[in-house]
Amino acid sequence: MVPLKNLHTFGFDTLAQHLVEVHTKDDLVSVFQGLKTKQFYLLGEGSNSIFLEDFAGTIVLNKLKGIQVHENENEVGLSVGSGESWHDLVEYTLSIGAYGFENLALIPGTVGGAPIQNIGAYGVEIEKFIASVEYYDIHLNSFHILNHQDCHFVYRDSIFKHQLFNKAVITKVNFILPKNNRVEHSYAPLNQLVEPTPIDIFNKVIEVRTEKLPNPKVLGNAGSFFKNPVVTNKVLNEIKMRYTSVPHYKVSHTSVKIPAAWLIDQLGFKGKMYLGVKCHERQPLVLVNIGSGNGRGLLMLARQIKQDVSNAFNIELENEVRLVGKNGVIDL
Ligand code: FAD
Ligand code: EPU
């Protein structure tokens, strides 16, 4: 049995039956030839996965490394092994004067994890810079390239969570950073900066994130537990009748995004705890493991939040985080 405590940022004391590390494409092929129909879970840095209980299968741990840079007059192209650290890549690109990733500083995880849910923060989603994604098709035993439009990127979602879930292992991500990229600072609090450089954005994002989000090395967590819901104007207007100042952001003519943190905050969940799993006092969208937490506590708290939000606001929250049970991913 293999301990999972240090392999996922929520840090539950759970085990997996086996673990294999994948360092090369050849490793990948032989691991999946060996696994055949056996149960597996692909793991990067475990910052969006919570192992609720012991997993009765094999963890396939991604260690595919390597960064290739190719540059022309207009852009910097990067082909990056999916096991590289995302934040290290952000720092590396800034060090070579290639800009665009700065808003996404300090997001934990691997480069291969980034396209799965189209990571986003402070006004930028990674899809903006993804030209294509290389993956290994487990069923077909062959490597393929998916162009940007075929990845079906939207807010916190992509084809890798649906048709290609448990079928594709992302091996490489190909990025393009245009040299004329405009610094994005329309999102609060970056909008307070005057003519910021990409380095100013990088520093500010790190400052804000360090202040707002609990550090998983100190307090186990997986970032935002739920997605921010997109609702119709009708639902918004119903909420406005009771809460005139409900925060919301326009998504289309007929829909808006409401911060899930606000919904959870209104219902008084901040600081509420079940079996060592707590709703964070500063950012209620983040659930934390105070050290002694377990999967049962997490499910109790998350289900209570979901139920109460549904009853109070007629909004169905969706979890952003992947919940892994004995036999793989489960629904909330
Ligand atoms: P894992 O948790 O290891 O895997 C996530 C999912 O992807 C799993 O289903 C796994 O099977 C699958 N997967 C992993 N690697 C591969 C691969 N190579 N091929 C195919 N499938 C794969 N996210 C944001 O978008 N914005 C944020 O601002 C943000 N902030 C965060 C802050 C904190 C403190 C934490 C803990 C998390 C935060 N996250 C954020 C969530 C998380 O960091 C991202 O989702 C990250 O991209 C996950 O990468 P990972 O390697 O850790 O994924
Ligand atoms: N709010 C409250 N009470 C609180 C905290 C926040 O009501 O105690 C409300 C406020 O209205 C605030 C709003 O929630 O303006 C938004 O809060 P915040 O700026 O902290 O952002 P978020 O919506 O909680 C999202 C992403 C984060 C990303 C930040 C910055 C999702 C699910 N989460 O958080 O991503 O880093 O914006 O762009 O979209 C992640 O996905 O794991 C993640 C951390």
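Counting starts at 1 for both ligands and their atoms, in listed order. What you are looking at is a predicted structure, and each value in this text was computed from that prediction instead of being measured.
- Of the candidates Y122, Y249, W262, W262 brings a heavy atom nearest to atom 9 (C) of ligand 2.
- Judged by the 6.0 Å distance and 45° axis criteria, K161 is not positioned over the aromatic ring of F165.
- Of all atoms in ligand 2, numbered sequentially from 1 with element shown, those under 4.0 Å from a heavy atom of Y187 are 37 (O), 38 (O).
- Distance check on atom 29 (C) of ligand 2: every protein heavy atom falls at or beyond the 4.0 Å cut-off.
- At the top of the distance list for atom 3 (O) of ligand 1, counting protein heavy atoms only, stands G44 N, 2.7 Å.
- When the heavy-atom distances from atom 33 (N) of ligand 2 to P259, C279, S224 are ranked, the shortest goes to S224.
- Hydrophobic clustering (side-chain heavy atoms under 4.5 Å, transitive across Ile, Leu, Val, Met, Phe, Trp, Tyr) groups F129 together with V69.
- The option with the heavy atom closest to atom 35 (O) of ligand 2, from among Q117, E125, K257, R156, is R156.
- Of the candidates G113, G328, S49, the one placing a heavy atom closest to atom 1 (P) of ligand 1 is S49.
- Taking the six-membered ring where tryptophan is involved, the planes of H144 and Y135 are essentially parallel, since the angle between them stays under 30° and well short of 60°.
- Residue-to-ligand polar distances keep T9 apart from ligand 1: every N/O pair is separated by 3.5 Å or more.
- Annotation for ligand 2: atoms under 4.0 Å from non-hydrogen atoms of Y155 are 31 (C), 32 (C), 39 (O).
- Atom numbering of ligand 2 starts at 1 in the shown order; those under 4.0 Å from a heavy atom of R209 are 36 (O).
- When only non-hydrogen protein atoms are considered, atom 38 (C) of ligand 1 lies nearest to P108 CD, 3.8 Å.
- Relative orientation of the F101 and W86 rings is tilted, given thresholds of 30° and 60° on the angle between their planes.
- Near K270, meaning under 4.0 Å from one of its heavy atoms, ligand 2 places the atoms 4 (C), 8 (O).
- Between K326 and E53 there is no salt bridge, since no side-chain nitrogen of the basic residue lies less than 4.0 Å from a carboxylate oxygen of the acidic one.
- Here the heavy atom of the protein found nearest to atom 22 (P) of ligand 2 is Q283 NE2, 3.9 Å.
- Of all atoms in ligand 1, listed by their number and element, those nearer than 4.0 Å to a heavy atom of R322 are 6 (C), 8 (C), 9 (O).
- Sorted pairs that involve residues 206-225 and meet ring-ring contact (aromatic ring centres under 6.0 Å, His included), not counting sequence neighbours, are lacking altogether.
- For ligand 1, the polar-atom distance check against N118 finds no nitrogen or oxygen pair separated by under 3.5 Å.
- Counting protein heavy atoms only, atom 23 (O) of ligand 2 is closest to N228 ND2, 2.9 Å.
- The contact set between ligand 2 and P247, taken as ligand atoms under 4.0 Å from a residue heavy atom, comprises 11 (O).
- Protein heavy atom at the shortest distance from atom 13 (N) of ligand 1 is I116 CD1, 3.9 Å.
- Taking the centre of each ring, F55 and F40 stay at or above the 6.0 Å mark.
- Taking every non-hydrogen atom of N221 and a distance limit under 4.0 Å, the qualifying atoms of ligand 1 come out as 34 (C), 36 (C).
- Under the 4.0 angstrom criterion for non-hydrogen atoms, F160 is not in contact with ligand 1.
- Near G223, meaning under 4.0 Å from one of its heavy atoms, ligand 2 places the atoms 42 (O).
- Between F153 and H148, the ring planes lie tilted relative to each other; the angle falls in the 30° to 60° range.
- Closest protein heavy atom to atom 40 (C) of ligand 1: I107 CG2, 3.7 Å.
- Looking at D137, its side chain does come within 3.5 Å of a backbone N or O of H139 through a donor-acceptor pair.
- Closest to atom 1 (N) of ligand 2, if we only count protein heavy atoms, is A261 CB, 3.7 Å.
- Near Q117, meaning under 4.0 Å from any of its heavy atoms, are these atoms of ligand 1: 23 (N), 24 (C), 25 (O), 41 (C), 44 (C), 45 (O).
- The closest protein non-hydrogen atom to atom 19 (O) of ligand 2 is K212 NZ, 3.0 Å.
- A salt bridge links K25 with E134; the closest basic N to acidic carboxylate O contact falls under 4.0 Å.
- Counting the atoms of ligand 1 from 1 in the order shown, those under 4.0 Å from a heavy atom of R209 are 27 (C), 28 (O), 29 (C), 30 (N), 31 (C), 32 (C).
- Considering backbone and side-chain N/O of E45, one or more are found under 3.5 Å from N/O of ligand 1.
- Near F226, meaning under 4.0 Å from one of its heavy atoms, ligand 2 places the atoms 32 (C).
- Polar contact with ligand 1: absent for L43 (N/O pair, distance under 3.5 Å).
- Protein heavy atoms are absent from the space less than 4.0 angstrom from atom 12 (C) of ligand 2.
- The contact set between ligand 1 and A114, taken as ligand atoms under 4.0 Å from a residue heavy atom, comprises 47 (O).
- Less than 4.0 angstrom separates some heavy atom of N62 from each of these atoms of ligand 1: 18 (N).
- Side-chain contact, E21 with H23: a donor N or O sits under 3.5 Å from an acceptor N or O.
- Nearest protein heavy-atom contact of atom 35 (C) of ligand 1 is G223 N, 3.3 Å.
- Heavy-atom proximity to G120, at under 4.0 Å, picks out these atoms of ligand 1: 24 (C), 25 (O), 26 (N), 27 (C), 28 (O).
- Under a 4.0 angstrom heavy-atom cut-off, R156 registers as being in contact with ligand 1.
- For ligand 1 and A121, the ligand atoms under 4.0 Å from any heavy atom of the residue are 28 (O).
- Each of L15, D13, L43, L323 was checked for a side chain to side chain contact (heavy atoms under 4.5 Å, CB included) with F51, and the lone residue meeting it is L43.
- In A222, the part holding a heavy atom less than 4.0 Å from any atom of ligand 1 is the backbone.
- Each of the following atoms of ligand 2 lies closer than 4.0 Å to a heavy atom of R282: 8 (O).
- If you look at S224 next to ligand 1, there are no close heavy atoms at all, none under 4.0 Å.
- What sits closest to atom 5 (C) of ligand 2 on the protein, heavy atoms only, is P284 CD, 3.9 Å.
- Relative to the ring axis of F32, K38 does not place its NZ or CZ within 45° and under 6.0 Å from the centre.
- Looking at ligand 1, you'll find an N or O of G46 within less than 3.5 Å of one of its N or O atoms.
- Remark: ligand 1 and G112 share no N or O pair separated by less than 3.5 Å (distance only, no angle test).
- When only non-hydrogen protein atoms are considered, atom 8 (C) of ligand 1 lies nearest to Y41 OH, 3.1 Å.
- For ligand 1, the polar-atom distance check against G109 finds no nitrogen or oxygen pair separated by under 3.5 Å.
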**Q.** Derivation and outcome, salt bridge (Lys or Arg N to Asp or Glu O under 4.0 Å), residues K65 and E84
**A.** CA-CA 5 Å; K65 298 285 167 99; E84 292 284 349; 5.2 Å; no
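- Nearest protein heavy-atom contact of atom 2 (C) of ligand 2 is D265 OD2, 3.7 Å.
- Using a 4.0 Å cut-off between a side-chain N of Lys or Arg and a carboxylate O of Asp or Glu, E75 and K179 do not qualify as a salt bridge.
- Counting protein heavy atoms only, atom 18 (N) of ligand 1 is closest to I170 O, 3.0 Å.
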